[in-house]
Amino acid sequence: MKYADVILPIAFDGFTYIIPPEMEDKAVRGRRVVVPLGKNKIYTGVVINVHENEPEGYEMKTIIEALDDHAVVNEKQFEFWQWVAKYYISPLGDVMKCALPGAMKPKDDNALKEATKKRRGSKNDIICEGIAASNTLNDAQRKAMEEIEESWVTKNVTLLHGVTSSGKTEIYIQLINKFISEGKQVLYLLPEIALTTQITDRLRKVFGDNMGVYHSKFTDAQRLDVYKRQISSVPYQLILGVRSSVFLPFQNLGLIIVDEEHEQSYKQQEPAPRYHARNAAIMLAQMFGAKTLLGTATPSLEVYHLAKKDKYGYVKLTQRYRNLQLPSIEVVDTKEAKRKKQMKGLFSPRLIEVMRDALAKDEQIILFQNRRGFSNYIECKNCGWVPHCPHCDVTLTLHKKTDSLTCHYCGYSCHVPEACPACEEKKFNNVGTGTEKIEDQIPTLFEGATCIRMDLDTAKTRQQYEQIISEFAQHKADILIGTQMVTKGLDFDNVSVVGILDADSMLNIPDFRSHERTFQTLSQVAGRAGRKSNSGHVILQTRSAGSDIIKQITGNEYWNMFYTQMLERQTFRYPPFYRLIYVYLRHRDDELLEHLAIDMGEKLRTIFGDRVLGPDRPPVSRIQSLFIRKILIKIETNASIDRVRQALLEIQQQMLAIPVAKSLNIYYDIDPL
Ligand code: ADP
Ligand code: ZN
Ligand code: ZN
């Protein structure tokens with residue numbers, strides 16, 4: 001009798017099934033099968049193993065149907081999935097669920113057949129002949145490219161540290177060309193939000209039909225199409241994609257480019273596997289014997305640290321293309337302006353002056369504010385009552401346009417109450433500032449100026465997002481107001497002024513990375529000014545004008561920022577000196593959860609000693625009606641991660657064996673961001 005170990009898209013590693021004799025030649029490693037589970041569930045899974053060892057201890061079921069004539073998952077993918085599952089302590093089923101396009105998982109495989117049919121008739125099958133060489137490199141770029149290639153003689157990973165607009169993308173294009181002409185595949189990773197038509201068009205011009213784009217906002221059919229193409233005999237040689245494209249099948253990968261490597265969105269937060277696409281990409285490249293290029297203007301401390309230690313190659317570009325100046329950053333002390341009663345809402349007199357100047361010259365402006373919504377929250381004028389989300393442990397954000405209060409964690413929304421439920425007062429204070437409040441103040445301060453707002457509320461879909469970008473690029477608005485979204489990779493010719501309204505709201509986020517992140521974000525947003533001429537001007541408003549971090553940002557002193565932050569990281573045992581592991585526990589019953597979390601903390605301490613901190617209630621300690629506790633473990637980076645995982649899984653088993661802990665949910669976040 002033959003048996004198949006099958007990975008199913010659920011939170012387990014897999015289950016074993018009987019292979020009926022007539023399916024023996026189809027139910028093999030890498031192909032999909034339809035199987036029953038439990039009383040009446042049916043799943044599509046992938047066979048990972050075929051063997052003759054009858055498993056003991058449970059009654060086996062039989063495979064219902066074998067779907068494929070060829071493997072849909074290749075050996076390299078299995079190797080990669082297993083690494084992800086192991087490193088991020090995530091069941092193989094969760095990894096598969098994340099790795100395969102949705103249309104490959106349900107029982108109905110019509111989508112796959114459809115895609116195959118379409119593919120056959122498609123002109124994309126013809127690989128474009130010869131690739132047009134792009135606009136040539138300048139001396140600095142050529143030197144950087146040579147240095148990158150030289151570093152690859154001895155290193156597998158190289159950091160390209162180039163100021164904004166230094167022409168990194170042009171270097172990537174040349175390198176991609178080189179690898180493709182050697183018959184190798186290239187993966188070009190971008191953070192979700194930076195994958196715009198701007199960059200797609202730019203690369204499409206060079207690589208044409210040889211390039212596949214993989215985006216999470218694409219339809220399932222579109223993603224399936226790319227997947228199918230990659231397992232065919234004529235795969236795309238270049239994939240331009242977001243973090244999940246590390247899971248695509250590759251046949252002979254030669255190079256992975258991770259652009260904006262410092263970007264937080266490379267880390268998947270929810271659901272499992274909570275992988276970091278940059279780190280996973282480095283592993284993937286290693287499996288292929290391929291090279292990795294990490295590009296950014298503001299490296300993450302982790303990557304810069306490894307480059308300084310000579311583990312990674314390091315190449316620097318200090319000049320903007322065409323020798324344009326980096327925009328000068330002018331600090332405006334809002335504490336002082338407020339004391340003198342000079343602030344007009346959120347605008348200092350200096351910012352107003354610079355903006356009016358630019359508007360008079362018909363130049364465009366970007367205003368950056370870290371938060372969306374109108375104000376952070378509302379508060380009863382009389383008793384101080386603040387509305388909270390009924391499901392999550394957070395205040396609700398005011399959205400004035402819709403006169404509603406919204407939870408930014410679960411999406412819960414309700415109307416602003418007529419009166420305070422505690423004291424019946426009818427007036428509320430608006431506390432804090434979001435993008436919507438800034439938009440509200442524009443008409444009175446800048447008569448006749450038009451503006452668009454770009455944040456999660458106005459750019460919910462990819463179409464809306466691209467529409468805003470294209471309207472602003474066509475100068476249909478003078479001012480673009482936005483959150484983080486306006487900082488990423490946008491290239492507008494006519495923007496001369498960038499205004500940062502409140503740097504402190506980022507600096508004061510209670511997170512050991514907040515200074516590093518503020519440096520990165522504000523350098524990025526400043527880099528949006530003066531990309532085509534020398535007139536770039538950045539106004540940075542802050543109440544802590546004299547602080548080290550503000551000086552480092554305005555002086556573009558990456559090294560100083562790195563040095564001061566590293567001292568703190570070492571003192572407080574944070575990355576890159578220590579590896580962080582968050583252990584999360586979730587349960588409906590808060591009191592029971594408290595007991596279980598304390599118990600688990602103690603068990604962990606018997607092994608890890610004072611490396612264990614907590615349990616604690618995380619800043620948001622209830623999401624969608626489940627209470628949450630977090631235990632933090634700080635492990636020396638040279639400790640064996642295998643032993644750590646083993647210990648964690650043993651303790652997890654002990655916890656789940658406790659009779660009252662039946663519906664306790666335990667999960668891990670390795671290297672959390
Ligand atoms: P980065 O990726 O470092 O931000 P880009 O590659 O986007 O920089 O380059 C910034 C601008 O300079 C772009 O508009 C790009 O078209 C232009 N540019 C860069 N390198 C060259 C080159 N070698 N020839 C012509 N234009 C270039
Ligand atoms: Zn009240
Ligand atoms: Zn909520």
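Note that the structure is a prediction, hence the values are computed from the model and not measured. In listed order, ligands and their atoms are each counted from 1.
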Pair E261 + R278: basic N to acidic O under 4.0 Å
yes
For atom 7 (O) of ligand 1, what is the nearest protein heavy atom, given as residue, atom name and distance?
R202 NH1, 3.1 Å
Would you kindly specify which portion of T136 sits under 4.0 Å from ligand 1, judged on non-hydrogen atoms: side chain, backbone, both or neither?
backbone
With the Zn ion (ligand 2) at the centre, find the angle made by SG from C420 and SG from C423, to 10°.
110°
Nearest 0.5 Å please: distance from the CG atom of L673 over to the CG atom of D671.
8.0 Å
Sidechain-backbone polar pair: D478 side chain, T450 backbone, donor-acceptor under 3.5 Å:
yes
Geometric class of the F562/Y558 ring pair [parallel <30°, tilted 30-60°, perpendicular >60°]:
parallel
Main-chain N/O of T136 paired to E170 side chain as donor or acceptor, under 3.5 Å
no
The Zn ion (ligand 2) as vertex, arms to SG of C383 and SG of C380: angle to 10°?
110°
Quick one: look up the protein heavy atom nearest atom 24 (N) of ligand 1 and list residue, atom name and how far away it is.
Y321 OH, 3.0 Å
Identity and separation of the nearest protein heavy atom to atom 20 (N) of ligand 1
Q141 NE2, 2.8 Å
Looking at E260 and K168, does any basic side-chain N land under 4.0 Å from a carboxylate oxygen?
no
Considering heavy atoms of the protein only, find what lies nearest to atom 2 (O) of ligand 1 and give residue, atom and distance to 0.1 Å.
T169 OG1, 2.7 Å
Students often mix this up, so state it plainly: with edges at 30° and 60°, are the rings of W385 and F428 parallel, tilted or perpendicular?
tilted
Between the side chains of D440 and K437, is the shortest nitrogen-to-carboxylate-oxygen separation below 4.0 Å, so that they form an ion pair?
no
Which residue and heavy atom of the protein sit nearest atom 14 (O) of ligand 1, plus the separation:
D491 OD2, 3.3 Å
When only distance counts, is T164 in polar contact with ligand 1, meaning an N/O pair under 3.5 Å?
no
When you measure from atom 8 (O) of ligand 1 to every protein heavy atom, which one gives the shortest distance, and what is it?
G167 N, 3.0 Å
Does some non-hydrogen atom of R322 fall short of 4.0 Å from ligand 1?
no
Taking only Lys NZ, Arg NE, NH1 and NH2, and the carboxylate oxygens of Asp or Glu, determine whether D455 and R371 approach each other closer than 4.0 Å.
no
Measuring from the heavy atoms of S165, does anything fall under 4.0 Å of ligand 1?
yes
In terms of atom number and element, which parts of ligand 1 are under 4.0 angstrom from non-hydrogen atoms of N135?
24 (N), 25 (C), 26 (N)
